[in-house]
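Only heavy atoms go into these numbers, but all of them, side chains included; no hydrogens, no water, no symmetry mates.
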Amino acid sequence: MNGNIVAPSILPGFMELLPADQMLFNKMLDTIRFTYEKYGFIPIDTPMIEKSEILLAKSGGETEKQVYRFSKGDNDLSLRFDLTVPLARYVAQHYNELTFPFRRYHIGKVFRGERPQKGRFREFYQCDIDIVGSESLSVINDAEILSVIYSTFKALGFQSFTIRINNRKILNGFFSWLGVENKTEVLRTIDKMEKIGEQNTARELEALGLSAGVAQEIIRLTKIKGKGDEIVESLKGMKVENEEFSTGLEELSQVCSYIGYFGIPEDNFSVDLTIARGLDYYTGTVYETVLNDYPSIGSVCSGGRYDNLAQNYTNKKLPGVGISIGLTRLFYQLREAKIVEPYGRSTPTKLLVIPMPDAMNYCLDISTRARENGIPTEVYFNEGRMGKKLAYADKLGIPFVVVVGEDEIKTGLFKLKNMKTGEQETLSLEEIIEKLKLV
RNA sequence: GUGGAUAUAGCCCAGUUGGUUAGAGCGCCAGGUUGUGGCCCUGGAGGCCGUGGGUUCGAGUCCCACUAUUCACCCCA
């Protein structure tokens, strides 16, 4: 017994995967990156640690409590809690070197010191895209973001999902028209409506100081259903006299009219007036995406339009629109619900070369040739029984094995073993390479 | 920050109304001699029963505290 051994464990709220799952996770991440680049988004990477004064410049109470903050020497430092604030700093700092509209994507870990919970992490990956304009940014971008979300989830293999959108200006304008004071709290309550139900929403609205009549008016607005255009028409018919409301309605109307041209099927899109989003910097279009067969997972991708991204770091007016996929949570939920499962591979290796005595040098040469042709290959180095060597390939899910001994070297013909079927095929090295290239 | 639940092997769990050396399955390691894995058989390692106190002749089992984990609320990806 060794008393020096420390129980190996990680902090709660931090996700760590075993090889098969990690392969799966990375595949999803690659899919997302590939799709983002297909739309011409530019990759950036920023430090995980920022100066606290930068990160907390806006500091809306809640976020400040969740920030991992520490000091090193005289420096007051913080771990980034999202990728949007670093983007704001980045754009403000490099404004003169960037070309606008700036379309960037950023995939990286962020940190939030909150109480861990199911599907809740303190360290997680966000996959963000944002389009940042200088001074102005066309509302077509709002529609294009929808298209990116659609393509991404399609590429991830989902069929039945709905991207729901709303426009904050419509809600805020409507609230103003009704004379509501504390609009932010009302927004949050509306956002929860799907979860807590209509009655509780009414109760909460009244608890916020609204009259029963006003609460009902708001609920009545959010219950307007239909296709995008139909909702727009219904809203127009309400004769709400408020400029912000009208602007929002016009924006929503435009987004709806563009989505068809972006090739988004009607089934994957809906206008939902209860979508509000909690974050207070959203000022226009807001997005939420749900998997129709698994509503309990909640939103798997959300974001919105903001008027002024970097007001804390520059005087330039930088409007933008963007979304974020919380990949860690998404992956966790998908695994939990068995919507995705590892496909039996826990290594990228496609070919294992097993040398018999005195064949090592030859095997190393084979592996080099295979790798030069893009085939992930490894050579089994340990001495031992054949059974153990094959079991290694079996356990890692390596699909092909070739055993190389005296005969093979002499004839230049190898038996390529398919580990799944157990069949062996006699082929030359060139034939093996050609075959595996296609796998 | 508020409230609830749980704690036995690496993992999922048994363990009687308190009673002797704490169990199974999965996984792991080794073997069932030679250049062929999955199945099967045999053997092995691995637990101070979360920690500390109490009740008792006797505690994995009952009581208390602490700690850890976990779920929900708030908020969010």
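For the pair A:Glu123 CD and B:A77 P, the computed distance is 17 Å after rounding to whole Å. The CD atom of A:Glu114 sits 13 Å away from the P atom of B:C74 (whole-angstrom rounding). Rounded to an integer number of Å, the gap from A:Leu208 CG to B:C74 C1' is 14 Å. Rounding to whole angstrom units, CG of residue A:Asp191 and C1' of B:C74 are separated by 14 Å. Computed from coordinates, the A:Arg329 CZ to B:C76 P distance equals 11 Å when rounded to whole Å. The distance between atom OH of A:Tyr125 and atom P of B:C76, rounded to the nearest whole Å, is 24 Å. Distance NZ (A:Lys395) to C1' (B:C29): 9 Å, rounded to an integer number of Å. The CG atom of A:Asn418 sits 16 Å away from the P atom of B:G38 (whole-angstrom rounding).
Side-chain N/O atoms of A:Glu408 and base N/O atoms of B:G35 include a donor-acceptor pair closer than 3.5 Å. A donor N or O paired with an acceptor N or O is not found under 3.5 Å between the base of B:U70 and the side-chain atoms of A:Gln117. Residue-to-nucleotide contacts include no donor-acceptor pair under 3.5 Å from the side chain of A:Arg115 to the base of B:U70.
Applying the 4.0 Å criterion to OP1 and OP2 of B:C74, one finds that A:Lys192 has a side-chain N or O inside that range. Note on A:Lys388: every side-chain N or O is 4.0 Å or more away from OP1 and OP2 of B:G38. Within the 4.0 Å cut-off from OP1 or OP2 of B:G35, not a single side-chain nitrogen or oxygen of A:Lys417 is found.
The separation of B:C49 from B:A30, taken at their C1' atoms, amounts to 29 Å, rounded to a whole angstrom. Using atom P as the reference point in both B:G10 and B:A5, the two lie 28 Å apart (nearest Å). Nucleotides B:G52 and B:C74 have their P atoms positioned 39 Å apart, rounded to a whole Å. Annotation: B:U2 and B:C26 have their P atoms spaced 45 Å apart (nearest Å). Spacing between B:G50 and B:G60 at atom P, rounded to whole Å, works out to 10 Å. B:U56 and B:G44 have their C1' atoms separated by 39 Å, with the value rounded to a whole Å. Across B:C64 and B:A7, the matching P atoms stand 15 Å from one another, rounded to whole Å. Taking atom C1' on both nucleotides, B:U21 is separated from B:G15 by 15 Å, rounded to a whole Å.
A:Gly298 comes within 4.0 angstrom of no nucleic acid atom, judged by non-hydrogen atoms across all strands. Among the protein residues, A:Lys195 comes within range of the sugar-phosphate backbone only, with heavy atoms under 4.0 Å from sugar or phosphate atoms but none that close to a base. If you check every strand for non-hydrogen atoms under 4.0 Å, A:Ala393 touches nothing. Nucleic acid contact for A:Arg277: sugar-phosphate only, since backbone atoms but no base atoms lie under 4.0 Å from a heavy atom of the residue.
Between A:Glu251 and A:Arg305, no side-chain nitrogen of the basic residue sits less than 4.0 Å from a carboxylate oxygen of the acidic one, so the salt-bridge criterion is not met. Between A:Asp76 and A:Arg69 there is a salt bridge, since a side-chain N of the basic residue sits under 4.0 Å from a carboxylate O of the acidic one. For A:Asp30 and A:Arg33, the salt-bridge test passes: some basic side-chain N is under 4.0 Å from an acidic carboxylate O.
Taking A:Tyr287 as the reference, nothing meets the ring-ring contact (aromatic ring centres under 6.0 Å, His included) condition, with sequence neighbours excluded. Remark: A:Asp128 pairs with A:Ser324 by the side chain to side chain donor-acceptor pair (under 3.5 Å) rule, at least two apart or across chains.
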*So A:Glu425 and A:Lys417, salt bridge (Lys or Arg N to Asp or Glu O under 4.0 Å) or not? Walk me through it.*
CA-CA 7 Å; A:Glu425 202 178 350; A:Lys417 184 180 174 83; over 6 Å; no
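Evaluation of A:Phe121 against the base of B:A77 yields no stacking contact (centre distance < 5.5 Å, interplanar angle < 30° required).
Of the candidates B:G35, B:G37, B:A77, the closest approach to any side-chain atom of A:Ser302 belongs to B:A77. Considering only the side chain of A:Phe124, B:A77 comes nearest among B:A77, B:G32, B:U36. Checking B:U33, B:G37, B:G35 against every side-chain atom of A:Met386, the shortest atom distance belongs to B:G35.
Positionally, the nearest nucleotide of RNA chain B for A:Pro12 lies more toward the 5' end than for the other of A:Pro12 and A:Arg188. Comparing A:Gly387 and A:Thr328 by the nucleotide of RNA chain B that holds the closest heavy atom to each, the one mapping nearer the 5' end is A:Gly387.
Looking at A:Tyr332, A:Phe111, A:Phe331 one by one, the single match for ring pair (Phe, Tyr, Trp, His ring centres under 6.0 Å) with A:Phe121 turns out to be A:Tyr332.
Closest of all the heavy-atom pairs between A:Asn166 and A:Leu171 is ND2-CD1, 3.4 Å.
For the strand RNA chain B, secondary-structure stems (runs of at least three Watson-Crick or G-U pairs, all distances below 3.5 Å) span B:1-7 with B:67-73, B:28-32 with B:40-44, B:50-54 with B:62-66.
If you look at A:Tyr39 and A:Tyr105, their ring centroids are not closer than 6.0 Å.
The shortest side-chain heavy-atom distance between A:Met48 and A:Lys109 falls under the 4.5 Å cut-off.
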